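Down below is the structure, laid out as structure tokens.
Everything quoted here is computed from the prediction, not taken from an experiment. Residue indices begin at 1 and follow the sequence shown. All ligand and atom numbering here is 1-based and tracks the order in the structure.
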Amino acid sequence: MRGRIHSIETLGALDGPGLRTVVFFQGCPLRCKYCHNPDSWDFAGGVEMDSEAIMAKLRRSRPYYGDLGGVTFSGGEPCAQPGFLGELVELCKREGIHTALDTSGGCWSAQIEDIAQACDLILLDIKAGTKQQFEWLTDHDSFHNLLHWLDFLRKTNHSAWIRQVVGIGLNDTEEDKQNLMRLLDGIQPEKIEFLPYHDKGRGKWQALGLDYVADQFFKVK
Ligand code: SF4
């Protein structure tokens with residue numbers, strides 16, 4: 001199967017355990033105000049690749065994976081191309097390559113649930129703790145899909161890391177913390193990572209002719 005890919009990074013050490021190949025899918029339905037990869041939004045952008053070409057790259061990096069590493073499917077939003085993602089996860093499983101799925105939680109379906117179940121690790125990025133904040137930050141009405149992801153983790157106790165970008169003016173109040181904790185009630189993630197907001201995406205927004213709106217709302221520490 002063929003799908004659209006933004007880029008592939010080797011020896012990634014930030015998106016999951018060990019050293020990993022990070023496959024960034026092209027296309028994202030969300031429009032996060034602080035997105036540092038707005039060039040990954042357009043579903044017609046990036047390059048078309050077939051699954052075998054990606055598997056060949058993963059095999060080449062395999063000596064670096066060790067006991068912990070593997071592949072992380074990120075984006076963009078990998079779950080927005082579920083057929084392609086599902087095939088890659090299946091191929092990796094057959095070859096014993098550890099799979100992590102890095103998702104915003106903005107997409108959900110029975111097919112995505114099966115893919116999530118098949119992955120070794122879920123990296124769930126919780127954009128905001130309330131529907132209102134989520135919709136404001138992402139300009140997208142998909143908080144209900146995030147709730148499906150959280151129900152899935154609650155129900156299955158699937159291996160997961162929870163991640164959230166935190167920033168001044170974004171979600172730095174006690175109330176924000178309580179809202180996040182409420183969402184995580186009944187979930188036992190292996191890790192909760194708070195990632196500091198940064199403005200490294202500014203240049204890409206400008207190159208795309210977009211106003212870097214984050215400047216109006218958030219501050220870098
Ligand atoms: S989910 Fe990720 S890629 Fe999509 S807009 Fe938000 S930060 Fe950007």
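Atom OH in Y197 sits 11.0 Å away from atom CZ in F217 (nearest 0.5 Å).
Of the protein's non-hydrogen atoms, C28 SG, 2.4 Å is the one closest to atom 4 (Fe) of ligand 1. In this structure, the protein non-hydrogen atom closest to atom 8 (Fe) of ligand 1 is C35 SG, 2.3 Å. In terms of protein heavy-atom proximity, atom 3 (S) of ligand 1 is nearest to G76 N, 3.6 Å. Ranking protein heavy atoms by distance to atom 6 (Fe) of ligand 1, first place goes to C32 SG, 2.3 Å.
The side chain of K127, and not its backbone, has at least one atom closer than 4.0 Å to an atom of ligand 1 (non-hydrogen atoms only; side chain from C-beta on).
Residue contacts with ligand 1 include L30, since one or more of its heavy atoms lies under 4.0 Å from the ligand.
Taking the six-membered ring where tryptophan is involved, the planes of F73 and F25 are perpendicular, since the angle between them exceeds 60° and thus also 30°. The aromatic rings of W108 and F152 are tilted relative to each other, their planes meeting at an angle between 30° and 60°.
Cation-pi geometry between K127 and W136 is not satisfied (NZ or CZ under 6.0 Å from the ring centre, within 45° of the ring normal).
In terms of modelled atom types and a separation under 3.5 Å, the side chain of Q164 and the main chain of I126 share a donor-acceptor contact. For the pair K93 (side chain) and A118 (backbone), a donor-acceptor distance under 3.5 Å is present.
Atoms of ligand 1 found under 4.0 Å from any heavy atom of S104, numbered from 1 in the order shown, are 1 (S).
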